[in-house]
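Report on the structure given below.
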2 protein chains.
Amino acid sequence: MAGDVLSTFRGVHDHGRCTDDALATAEALCAEKGLRLTALRRRVLELVWSRHQPVRAYDLLEDLRAERRRAAPPTVYRALDFLIANRLVHRIESLNAYVGCAGPRNPHVGQFLICRKCSAVAELNDGEIARTVARKARGLGFTVERQTIEIAGLCPQCGGTRAA
Amino acid sequence: MAGDVLSTFRGVHDHGRCTDDALATAEALCAEKGLRLTALRRRVLELVWSRHQPVRAYDLLEDLRAERRRAAPPTVYRALDFLIANRLVHRIESLNAYVGCAGPRNPHVGQFLICRKCSAVAELNDGEIARTVARKARGLGFTVERQTIEIAGLCPQCGGTRAA
DNA sequence: GCTATCATGTTATAGTATAACAACCCACGC
DNA sequence: GCGTGGGTTGTTATACTATAACATGATAGC
């Protein structure tokens with residue numbers, strides 16, 4: 001097993017459905033935990049999911065402004081902070097961009113395959129990678145708190161080799 | 001074996017010496033490859049090494065300006081571009097900062113342990129991690145071009161567990 | 001020396017993110 | 001109901017990060 005692929009590359013799934021699912025899951029999760037998924041936060045989450053690509057903060061801001069004229073940078077950054085803190089969204093460090101978290105209920109670390117051609121992103125949740133990294137770090141006396149693993153290259157559609 | 005640790009945490013080595021070594025290696029490498037390690041580029045590389053921490057571009061700029069009044073943002077960014085392209089410097093994506101590459105002659109991928117308390121960074125060159133990541137990605141049909149692996153936490157001095 | 005090329009200077013601007021304080025809203029206890 | 005207290009959002013300003021575009025300068029090979 002290659003591990004769970006929580007978000008697949010473009011074309012491999014029903015995108016409208018995955019957005020709806022993500023919102024429903026977010027609603028349920030926040031209800032369980034007593035978190036306030038306000039209209040603004042919910043809408044930002046929806047906008048993050050609305051493209052199948054990493055989205056930049058100022059693109060979200062532009063979208064938001066179409067329907068909420070008062071939106072300013074802090075509006076979107078604060079919503080993103082909430083969503084990230086509660087694992088509903090991930091930040092892709094190497095792109096300064098954001099993607100919806102594909103499995104907010106799973107314990108996970110944030111491993112991403114990022115296609116440089118079509119910008120599609122797949123989120124992995126591979127325990128073997130996470131454990132290997134953690135073991136090596138521990139062996140050096142380092143206490144791991146957060147793993148940022150971002151793999152750039154070409155997705156299968158854009159020139160990757162066929163999967164086995 | 002935990003793999004090579006190419007840059008150790010604060011206090012574990014002779015820092016003045018490692019800076020000198022890095023510069024000497026850079027000189028030699030550029031001479032071999034016909035690259036122009038100009039005074040500016042050499043100085044920026046030296047400034048990157050001069051602290052044992054990730055350095056931000058505008059801190060480098062401030063340092064540079066003390067001795068070269070005409071320095072502007074492109075001055076430092078262009079020098080960094082050259083140094084990164086030739087593997088003499090790494091960019092830490094999660095910090096928007098730069099560190100000297102500890103082993104520019106080794107084939108390597110850029111794996112970093114980053115202490116959130118003292119900001120020390122250790123560069124790993126762990127083949128097992130790199131191979132595991134590459135194998136998983138390949139298994140999904142993805143062609144890997146670049147791995148960004150940044151592990152945040154606490155170094156041994158700041159609260160990490162003792163190394164075995 | 002000429003010239004092509006690469007390097008640097010210079011000005012301006014694009015892109016990313018946060019500080020600081022004001023206003024609002026809503027759940028809760030009185 | 002009525003405050004009141006915390007969390008959310010509005011608002012303005014600014015800090016931080018990076019690049020575009022064009023001018024000028026240095027260098028190497030001919």
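Lettering of chains follows the sequences in order, A, B, ..., and the numbering in each one begins at 1.
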For this session: Begin from the C-alpha positions of A/L64 and A/V44 and carry the test side-chain contact (heavy atoms from CB on, under 4.5 Å) through to its verdict.
Result: CA-CA 8 Å; A/L64 256 192; A/V44 169; 4.1 Å; yes
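- Rounded to whole Å, atom C1' of C/dA20 lies 10 Å from atom CZ of A/R78.
- Under the side-chain hydrogen bond (donor to acceptor under 3.5 Å, both in side chains) criterion, B/R56 pairs with B/D59, not counting sequence neighbours.
- Rounded to whole Å, the distance from CG on A/L61 to P on C/dT18 is 14 Å.
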Extract all donor-acceptor atom pairs below 3.5 Å that involve side chains of residues 28-36 of chain A and protein atoms in other chains or at least two apart in sequence.
residue : atom : partner : partner atom : Å
A/E32   : OE1  : A/R105  : NH1          : 3.3
A/E32   : OE2  : A/R105  : NH1          : 3.4
A/E32   : OE2  : A/R105  : NH2          : 3.0

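- Between B/E150 and A/R146 there is no salt bridge, since no side-chain N of the basic residue sits under 4.0 Å from a carboxylate O of the acidic one.
- Rounded to whole angstrom, the span from the CZ atom of A/R41 across to the P atom of D/dG10 amounts to 11 Å.
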Taking only nitrogen or oxygen atoms into account, show me every contact under 3.5 Å that the protein makes with nucleotides 25-29 of chain D, one pair per line with its distance.
none

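- Taking the six-membered ring where the residue is Trp, the centroids of A/Y98 and A/H90 are separated by 6.0 Å or more.
- Across all strands, A/R69 comes closer than 4.0 Å to no nucleic acid atom at all (heavy-atom distances).
- One interatomic measurement links the two molecules: CD of B/E67 to P of C/dG9, which rounds to 12 Å at whole-angstrom precision.
- One interatomic measurement links the two molecules: CZ of A/R42 to P of D/dT8, which rounds to 17 Å at whole-angstrom precision.
- Here B/E46 pairs with B/R43 in a salt bridge; the nearest charged N to carboxylate O distance falls below 4.0 Å.
- Taking atom CZ of B/R65 as the reference point, atom P of C/dG9 lies 11 Å away to the nearest angstrom.
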Anything under 3.5 Å between a protein N or O and an N or O of nucleotides 14-19 of chain D, put it in a table, one pair a line.
residue : atom : partner : partner atom : Å
D/dA18  : OP1  : B/R91   : NH1          : 2.4
D/dA18  : OP1  : B/R91   : NH2          : 2.9
D/dA18  : OP2  : B/Y77   : OH           : 2.9
D/dA18  : OP2  : B/Y98   : OH           : 3.2
D/dA18  : O5'  : B/Y77   : OH           : 3.4
D/dA18  : N7   : B/Y58   : OH           : 2.7
D/dA18  : N6   : B/Y58   : OH           : 3.4

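- In this structure B/R87 satisfies the side-chain hydrogen bond (donor to acceptor under 3.5 Å, both in side chains) test with no other residue, sequence neighbours excluded.
- Atom-to-atom, CZ of B/R68 to C1' of C/dG9 comes out at 10 Å; the value is rounded to the nearest Å.
- The interatomic distance linking B/L83 (CG) with C/dT8 (P) rounds to 10 Å, in whole Å.
- Proximity note for B/T38 (side chain, C-beta onward) versus C/dA7, D/dG10, C/dG9: the nearest is C/dA7.
- No hydrogens or angles considered: nothing links the side chains of A/E93 and A/T148 as a donor-acceptor pair under 3.5 Å.
- Every residue two or more places apart in sequence or in another chain was checked for a side-chain hydrogen bond (donor to acceptor under 3.5 Å, both in side chains) with B/E62, and none qualifies.
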